[in-house]
Amino acid sequence: VIVLNRILDAYAGTGDAEGAVRIYELLRHRVRPTRVTFNTLIKVFCARDNTNATESVLKTMGNMGVAPDEVTFVTLLSAHCRRADARAAEGTLARMRSYGLDAGVVGLTSLMKMHGELGDIGRARELFADLAEAELDTTAYNTMMDLEAKAGNAQAVKGMLREMTERNVAPNTSTFNILINAESKKGSTAGATKYFLQMEAAGLKPSRFTYNTLIRCFGQAGDIERADAIYLTMLDVGIRPD
RNA sequence: ACCUAGCCUCAC
């Protein structure tokens, strides 16, 4: 089953829903599909915005006595958030409550991002504030920090970064990418460099996002030499340009 | 170190 699930997940990545269905049909009688199998199928169909197929997976789950869980609904919820469909997101929340499930950090983070990007950062802040301290994780902080950064609230970003360390929520590569990007948008190559060094000092590996952001930062600041040097460093550490 | 859901750059 795990092999099947992994294959289905790979199909989700390529957006090949037909291929996913083909292998699922081929194997569903040899191995018993689990909740993860169905959740992964839903992920496949959400990537294609195929609501009908998603509903039929839910039906099949019901017929097979496999109860949907938080992942099932949050997969749906996040898909609606990605499309900025607040109505549908609300509907999914109501539906999951009817199953006795509540949205956890992951779902709330998706909602935060949607509201923030729809211009309602106040709503995003409320959702963030409603998260229990024990639930706050790196991605929740990253998402809220990025929204604040993009809204131009540099002091809020600083405050959240401090709060993360106070609460022992470890920053990751995305955290620093967000900070570097925020400095870049302000035109501060010095600020971007500062966070890049902090990232390395924290033992985190710069990603393609990091290099792309830095190249753009120095490029638009007119420092082509430095942008080029960063590009070469990227190749050096084995990251392919995209 | 991970079978499934949420975060970061750019692609006009």
Side-chain angles (χ1 to χ4, degrees), chain A residues 1-13 20 24 27 31-47 54 57 61 66 68-82 89 92-93 96 101 103-117 124 127-128 131 135-150 157 160 164 169-185 192 195-196 199 204-220 227 230-231 234 239 241-242:
Chain A
V1 210
I2 292 178
V3 172
L4 168 62
N5 294 345
R6 282 198 156 114
I7 293 171
L8 292 177
D9 191 42
Y11 275 109
Y24 168 75
L27 295 179
V31 300
R32 177 155 301 286
T34 63
R35 181 163 24 224
V36 173
T37 309
F38 294 121
N39 287 346
T40 308
L41 275 173
I42 289 173
K43 174 185 178 181
V44 169
F45 295 129
C46 282
T54 297
V57 173
M61 290 177 79
V66 178
D69 65 357
E70 187 188 335
V71 174
T72 313
F73 289 110
V74 171
T75 302
L76 281 165
L77 179 69
S78 303
H80 294 137
C81 289
R82 243 177 277 125
T92 301
L93 274 178
M96 85 187 283
L101 297 167
V105 232
V106 176
L108 292 174
T109 301
S110 296
L111 286 165
M112 272 167 45
K113 182 174 195 276
M114 177 185 71
H115 284 113
E117 289 176 347
L127 291 166
F128 184 74
L131 281 168
E135 289 226 272
L136 285 170
D137 64 10
T138 305
T139 300
Y141 269 104
N142 287 350
T143 303
M144 195 63 227
M145 275 178 42
D146 192 45
L147 290 174
E148 293 289 8
K150 286 176 174 156
V157 174
M160 297 186 68
M164 281 180 84
V169 177
N172 61 18
T173 300
S174 291
T175 312
F176 286 101
N177 290 344
I178 288 162
L179 295 166
I180 291 168
N181 188 43
E183 294 300 324
S184 173
K185 290 279 157 65
Y195 285 123
F196 178 72
M199 171 169 56
L204 295 168
K205 281 210 152 329
S207 64
R208 178 179 293 154
F209 283 89
T210 315
Y211 288 107
N212 286 346
T213 307
L214 284 169
I215 289 168
R216 162 165 267 273
C217 178
F218 283 94
Q220 69 191 6
I230 292 163
Y231 172 70
M234 176 174 83
I239 295 178
D242 63 359

Sugar-phosphate only, base, or nothing, as touched by A:Ala12 at under 4.0 Å among non-hydrogen atoms: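 Contact class for A:Ala12: none.
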A:Thr40 side-chain proximity, nearest of B:U4, B:C3, B:A5: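 Taking heavy atoms from C-beta onward, the closest nucleotide is B:U4.
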Shortest side-chain distance from A:Arg6, nucleotide among B:C3, B:G6, B:A5: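 Closest of the options to the side chain of A:Arg6: B:C3.
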Closest non-hydrogen atom pair, A:Pro206 against A:Ile239: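 Where A:Pro206 meets A:Ile239 most closely, the heavy atoms are O-CD1, 3.7 Å.
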Would you mind reading off the distance between [X] atom [atom1] and [N] atom [atom2], rounded to a whole angstrom?
X: A:Ile7; N: B:U4; atom1: CD1; atom2: P; answer: 14 Å
X: A:Lys205; N: B:A1; atom1: NZ; atom2: P; answer: 16 Å
X: A:Phe45; N: B:A5; atom1: CZ; atom2: C1'; answer: 16 Å
X: A:Tyr141; N: B:G6; atom1: OH; atom2: C1'; answer: 16 Å
X: A:Glu70; N: B:G6; atom1: CD; atom2: P; answer: 13 Å
X: A:Ile42; N: B:U4; atom1: CD1; atom2: P; answer: 15 Å
X: A:Arg32; N: B:C3; atom1: CZ; atom2: C1'; answer: 18 Å
X: A:Asn39; N: B:G6; atom1: CG; atom2: P; answer: 12 Å

Side-chain N or O of A:Lys43 closer than 4.0 Å to phosphate OP1/OP2 of B:A5: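 Answer yes for this pair, as a side-chain N or O of A:Lys43 is under 4.0 Å from OP1 or OP2.
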Qualifying salt bridge (charged side-chain N to carboxylate O under 4.0 Å, His left out) pairs with a residue from residues 33-42 of chain A, counting only residues at least two apart or across chains: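 Listed once each, the pairs are A:Arg35-A:Asp69.
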Contact state string [nucleotides 7-12 of chain B, B base, S sugar-phosphate only, - no protein heavy atom under 4.0 Å]: BBBS--
List the residues meeting ring pair (Phe, Tyr, Trp, His ring centres under 6.0 Å) with [X], not counting sequence neighbours, and say none if there are none.
X: A:Tyr141; answer: A:Phe128
X: A:Phe38; answer: none
X: A:Phe73; answer: A:Tyr99

A:Thr40 versus A:Thr37, side-chain donor and acceptor atoms under 3.5 Å: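 The criterion, which ignores hydrogens and geometry beyond distance, is not satisfied for A:Thr40 and A:Thr37.
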All side-chain contact (heavy atoms from CB on, under 4.5 Å) counterparts of A:Asp146, not counting sequence neighbours: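 Counting only residues at least two positions away or on another chain, A:Asp146 forms a side-chain contact (heavy atoms from CB on, under 4.5 Å) with A:Lys150, A:Ile178.
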